[in-house]
Amino acid sequence: MTPPPADVPARPDTAAAQDAPRYDFRAAEPKWQAAWDARRCFQVPDVPQDGRPKYYVLEMFPYPSGKIHMGHVRNYTLGDVVARYKRARGMAVLHPMGWDAFGLPAENAARERGIHPAKWTWDNIAAMRAELQRMGLSLDWTREFATCDPAYYGQQQKLFLDMLAAGLVERRESWVNWDPVDGTVLANEQVIDGRGWRSGALVEKKQLSQWFLKITQAAPDLLSALDGLDRWPDRVRTMQANWIGRSEGARLAFALTAAEGGIDSVEVYTTRPDTLFGMSFLAIAPEHPLAALVAARDAAAADFVAVCRSKGTSEAVIETGEKLGYDTGLFVQHPFDATQRFPVWIANFVLMEYGTGAIFGCPGHDQRDLDFARKYGLPVVPVVLPPGEDATRFAIGTRAHDGAGRMINSGFLDGMEPEAAKSAAIAELARLGAGEGVVNWRLRDWGVSRQRYWGCPIPVIHCDACGVVPVPRADLPLKLPEDVTFDRPGNPLDHHPSWKHVNCPSCGAAARRETDTFDTFVDSSWYFARFCSPHAAGPVDRAAVDHWLPVDQYIGGIEHAILHLLYSRFFTRAMRATGHLSVDEPFAGLFTQGMVTHESYRGADGRWLYPEEVTRAADGAASHVTTGEAVTVGRVEAMSKSKRNTVDPGAIIARFGADTARWFILSDNPPERDMEWTESGVAGAYKFTQRVFRLAEGLAEGLAETPDFAAMPAEFGPEARALRRATHRAIAAVTEALDGFAFNVAVARVYEFANAIGDAERAAATGSAGLDWARLEALRMLALLVAPMMPHLAEEVFARLGGSGLVAEQSWPVADPALTAAETVTIAMQVMGKLRGTVEMPPDSDAAAVIAAAEAEPNVVRALEGRRIVKRVHVPNRIVNFVVAG
RNA sequence: GCCCGCCUGGCGGAAUGGUAGACGCAGCGGACUUAAAAUCCGCAGCCCUUCGGGCGUACCGGUUCGAGUCCGGUGGUGGGCACCA
C-alpha cells in the first residue's frame, strides 16, 4: 500500500486527535444502510395504491466492466440526491438499478484471457453491486436485472417479433467494416488508421444482409415531439434535431449523354437547386451502382473504388480525409440546357447513405465542391453575387460563398434571391419532368444486426423454402448456447456445431437460425420500461408502465445525447404501436452530467503514472512516491485507463466514507460541467463531515439535557433570532438550489448555514433567550438539508439530537417566510453605471427616499459635482443610477 | 470536415440585465499547544501612495441608464458523427 500524498490528512482512523469527537463513518455507514434495508425505505410496488404522486428517477444503467468509476459515482450520486429529495417531498419514488450487460468487452476478455463472457459478466456484476451498495444509494434493489439474463432478453425477442409483425422491421444490405484477417466485422472504434485493431490488416467495406428497425418512418414525429420535451437541455434537443436532419430541397435526374450498362440517368438530391447553373461536375459515391458498372470495365476506376473501400465506414474519417476523385469519362446533360455537358466523377466524400448517393458539384457555393474543383482543375462559376459586390469583377477564391445575395449567370433565375430561386428552379424542374421538390432526412434506418456472440439472439430462422420465419413464441426465450469457444476468428454462434441447425417451424425442412445478435443499444432502449415491472410475464405489465412512465428525471452522460436517447424515443413509439405502453416519450426530464477529470502524470521514462504513485511538494513540484524521481504533471483530462489518471471510488469510500465522496462530487462544480477530482477537495469534504458532527456534539454535550423540540420558547434573544433567520433562509435556499439541480450552490448554502451555527455556538455562553432551542432547530434542519447528499451522516446527527425515526422517512422542512424576511436591504448607488457607494434602507423604500439618501452620500455628491442630472434610474431594493450630462 | 457545448481571482465556482468574485480549496496572519497535527478566528482580484481612484468575467465590436449575463465576429478547449457503451 502506498502512503497518502502529502496534502491529504493522515488516515482518519489512525489520526491522533483524541480530544475532538470523531464521526466514525466505518461504523455508521453500514449501520444506517442496514436500517434503511430493514425498513424497506426505498421499495415501491409495481402498481402503488397509496395515492402519493409518483416520481421515477433513473440514472443510465452501467455496463458491468468490473469496477465502478468516478463517472458512475457522480451519476448515481446526482440521481440519489434527486430520489431522496423527492421522497422527502412526499412522492412515491421509483429508483431502480440494473446492468447493461451485453457487449464487446466480455468477448474481448474471452479472447484475451479465456474467460467465458457469461462468467466474466456475472462476476463483474457481483463486484460492482457491492461497490454501489457501499455508496448508500436509495435504490430499490428488488427490481435489479441484467440484460444478459434470458428473463430479460427473451422479452426483448418478443418485442422484436411484435415489431416484425407490425412492419417496423426490414432486412436489407448494408456496408460494414470488415477485417479480412480476423474474418470479423469491426466497430468504428476498432478501426485505427484504416487498420483492424487486433490484426493490423487493412480494413475494407463489405456488404452484408442485415436487420433494420425503420426509425426513419418516425423521423417527422421524433423531430416535432422535441418541442414538447421542455425539461430536456436545449443543446440535446438541437443535437437530435440536427441528427434527424430534415432538409427541403429537390430530387432531380441528370441524363447521361450515353447510357452505361442500362443506366441512362443519375438521380441527385440537393438543398441548393438555386445554384444549378453553377454546376461544373457531377459526383457519385464509390458505392453507387453506376460506379460499380464503370469499375467493371475500367481497371483504374476499380482501383479507385477499392481505395475508397479501404477507408472504413466512419463519417468522420470520410469527411476529414483528403478529397479524391476519379473521372469516369461519362457526361451528363444540364436539366435546363441540354447543350451543356458535365463530367461524372466518383468522389470519396460523397456518402451513399445520404440523399441519393450522388451530388451535382457547384464549387462557387459549396466549400467541399470548391476544394474538389481546385484540386482537379474544374471550372468555378459564381451564381450568387454577395451584397455589395460587382458582378463583372466578382470571382470565387479559396472560400465558397454560401451566404445571401442575388442570382447571376443563371438564366431565368437571374436577379432573384436564393430562396425565391429555389422555388423557381423546382417549379421549372417539375414542368420539365426532370425533378421535384422533396423533404429529405439525414436520419438512417437503425441497423441492429451484430456478428457477435455476447448479445441477444435475433429470433428468426432462415428457410430456403419459406424465407424468414419467426422463432415460435413458445420457444422463447431463445437462449445463447453456453458451450462456445473463442479460439478462432468470427462469430462463435456461426461455428457452433449444432445451435444454428434447426428445422423450419413452418415447413419442417432443414433450416438455419439467424446467428447475428442485437446491437446493445436495443437492450438499453426499453430497460426503463422493464424496471416498472421487472418480474412481469410479458415484456411489461401494462398497469405498471401506465403508472410509472414516463421517467420523470433521467440522468446520464452527454455522450448519449444522440444515439441512446433517440433509439429509446423510437422504441417507446414502437412499443406503443405494438400495444405495450401508452406514453409517446420515455423521458420527461433529462439531465446530462459532465465527465470526471484528473491531472495526468508521466515519469522520467515517459510512462503514465497513477495518482497514488505521485506526491506533490509544497511548491507544487511532483515526484514519485517511492523512487523520488521527478514527475511531469500533464493536462487535466477525462479519467481513462490508458492515461492512468484514474481514482478508484472503492479506495476513496474505504478511506473517507461514502458521504465524503458524495459531498465532494456534488460540491466541486455545477453537475453539467466536467469536474476535476482533486485530493485536496476530498480532504476538504471529509473535514466538513467531521465539522457537522462536531457541531451536533457541541450542542448535545454542552447542555445538561437536550431542549424539548416540541416546546418552542415564547421568547428569543437577538442571537437566537439571528440563528433562526439563518436556519429558515438556509431551508429556502437549499430547497431552491436542489429544485434547480444547482447542487454546488446547495452545498455552499449549507456551508454558510454551518458557519452561522458555529457563530451561535460561540454566542451560547451569553445565555441568550431561546438560543439552545434555536440551536437544536438549526442542527436538526441541517441534518434534514444535508440528508439527500450525505444520508448516513444525516441519520447519525439526527439520532444524536434526539430525533425519532429515520431521516429517510422525514418530510422535507419548510421555511417560515416570517423568519426569512430581511430587516434592511443594501442599495447600490451608481453614477453613469459606476458604483459610488451603498446605502442601507428598509425593504421596499420608495424611490424618492432612496434617491434622497443617494444624493446625500458624499461620494455620490463628488461624482455629480459640476454635472447636470439627466435621469434618475431606481430599481427597488437594488440600485439607483444617475445619468448625467457635461 | 460537419453538428453541439464551454471559457469569471492561484484553483473549483457564485451572481432574476442591477454592488462581479458568495461558498469552498490552496495561501497568509493570529489563537490554542512545550511543539506539531487537528480545531477556531481573521485577511485576501490586479494596479496606483493612503482617504480614494483606475483596470478587470478569453479577445474584438454592438445594444442598454447599466452587460459575466443579450446580439455579431475571432481565438482556445471539450462532446458527438450511426458496429464502444
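Lettering of chains follows the sequences in order, A, B, ..., and the numbering in each one begins at 1. Remember, it's a predicted structure, so these values are computed and weren't measured experimentally.
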Check this one for me: any side-chain N or O of [X] less than 4.0 Å away from OP1 or OP2 of [N]?
X: A:Arg836; N: B:rU19; answer: no
X: A:Arg762; N: B:rC40; answer: no
X: A:Asn859; N: B:rG52; answer: no
X: A:Asn669; N: B:rG13; answer: yes
X: A:Arg673; N: B:rG12; answer: no
X: A:Arg749; N: B:rG24; answer: no

Practice task
For A:Ala748 and for A:Glu676, find the nucleotide of RNA chain B with the closest heavy atom, then tell me which residue's nucleotide is more 5'.
Solution key: A:Glu676
Problem - Base versus backbone protein contacts along nucleotides 69-84 of chain B [heavy-atom cut-off under 4.0 Å; B, S, -] - result: ---------SBSBBBB
Work out how far the [atom1] atom of [N] is from that of [M], and round it to whole angstrom.
N: B:rU19; M: B:rA67; atom1: C1'; result: 14 Å
N: B:rU8; M: B:rG13; atom1: C1'; result: 9 Å
N: B:rC23; M: B:rG45; atom1: P; result: 12 Å
N: B:rC47; M: B:rG56; atom1: P; result: 15 Å
N: B:rA37; M: B:rG27; atom1: P; result: 11 Å
N: B:rA44; M: B:rU50; atom1: P; result: 14 Å
N: B:rA58; M: B:rA14; atom1: P; result: 14 Å
N: B:rU49; M: B:rG54; atom1: C1'; result: 14 Å

Exercise for the section: Using only heavy-atom distances, decide whether a donor-acceptor pair under 3.5 angstrom links the side-chain of A:Asn881 to the base of B:rC65. Expected result: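 It does, because a donor-acceptor pair links the side chain of A:Asn881 to the base of B:rC65 below 3.5 Å.
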Using a 4.0 Å heavy-atom cut-off, does [X] contact any base of the nucleic acid, only the sugar-phosphate backbone, or nothing at all?
X: A:Lys834; answer: sugar-phosphate
X: A:Asn744; answer: sugar-phosphate
X: A:Gln830; answer: base
X: A:Pro62; answer: nothing
X: A:Ser667; answer: nothing

Just so I know, are the side chains of [X] and [Y] near enough to count as touching, which here means a heavy-atom distance under 4.5 Å?
X: A:Phe349; Y: A:Ile359; answer: yes
X: A:Val880; Y: A:Gln830; answer: no
X: A:Tyr554; Y: A:Leu565; answer: yes
X: A:Thr184; Y: A:Gln451; answer: no

Given atom [atom1] of [X] and atom [atom2] of [N], what is their separation to the nearest angstrom?
X: A:Met789; N: B:rC23; atom1: CE; atom2: P; answer: 17 Å
X: A:Ile244; N: B:rC4; atom1: CD1; atom2: C1'; answer: 14 Å
X: A:His874; N: B:rG17; atom1: NE2; atom2: P; answer: 19 Å
X: A:Glu752; N: B:rG13; atom1: CD; atom2: C1'; answer: 13 Å
X: A:Ile879; N: B:rA67; atom1: CD1; atom2: P; answer: 11 Å
X: A:Glu857; N: B:rU19; atom1: CD; atom2: C1'; answer: 13 Å
X: A:Arg691; N: B:rG24; atom1: CZ; atom2: C1'; answer: 11 Å
X: A:Glu319; N: B:rG1; atom1: CD; atom2: P; answer: 11 Å

Which base sits across from [N] as a Watson-Crick or G-U pair, both distances under 3.5 Å?
N: B:rG42; result: B:rC28
N: B:rG78; result: B:rC4
N: B:rG18; result: B:rC65
N: B:rA37; result: none
N: B:rG9; result: none
N: B:rG72; result: B:rC60

Fill in the blank from the handout: Rounded to the nearest 0.5 angstrom, the CD-CG distance for A:Glu287 and A:Leu351 is 8.5 Å
Exercise for the section: Output the distance between atom CG (A:Leu566) and atom CD1 (A:Ile215), rounded to the nearest 0.5 Å. Expected result: 4.5 Å
Problem - Assigned glycosidic conformation for B:rG5 [threshold 90° from 0] - result: anti
Let's see if you can work this out: which of [options] has an atom nearest to the side-chain heavy atoms of [X]?
X: A:Pro670; options: B:rG13, B:rU16, B:rC65; answer: B:rG13
X: A:Val745; options: B:rG18, B:rA15, B:rC4; answer: B:rA15
X: A:Asn755; options: B:rC4, B:rC65, B:rC23; answer: B:rC23
X: A:Arg694; options: B:rG18, B:rA26, B:rC40; answer: B:rC40

Practice task
Would you confirm whether the ring centroid of A:Phe743 sits within less than 6.0 angstrom of the ring centroid of A:Phe741?
Solution key: yes
Exercise for the section: Tell me yes or no: between the side chains of A:Ser65 and A:Asn124, is some donor less than 3.5 Å from an acceptor? Expected result: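 No.
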Problem - Distance-only polar pair, side chains of A:Asp100 and A:Ser524, donor-acceptor under 3.5 Å - result: no
Exercise for the section: Mind listing the closest non-hydrogen atom pair of A:Pro64 and A:Ile125 along with its distance? Expected result: CB-CG1, 3.6 Å
Exercise for the section: Return yes if some donor-acceptor pair links the side-chain N/O of A:Asn348 with the main-chain N/O of A:Leu324 below 3.5 Å, else return no. Expected result: yes
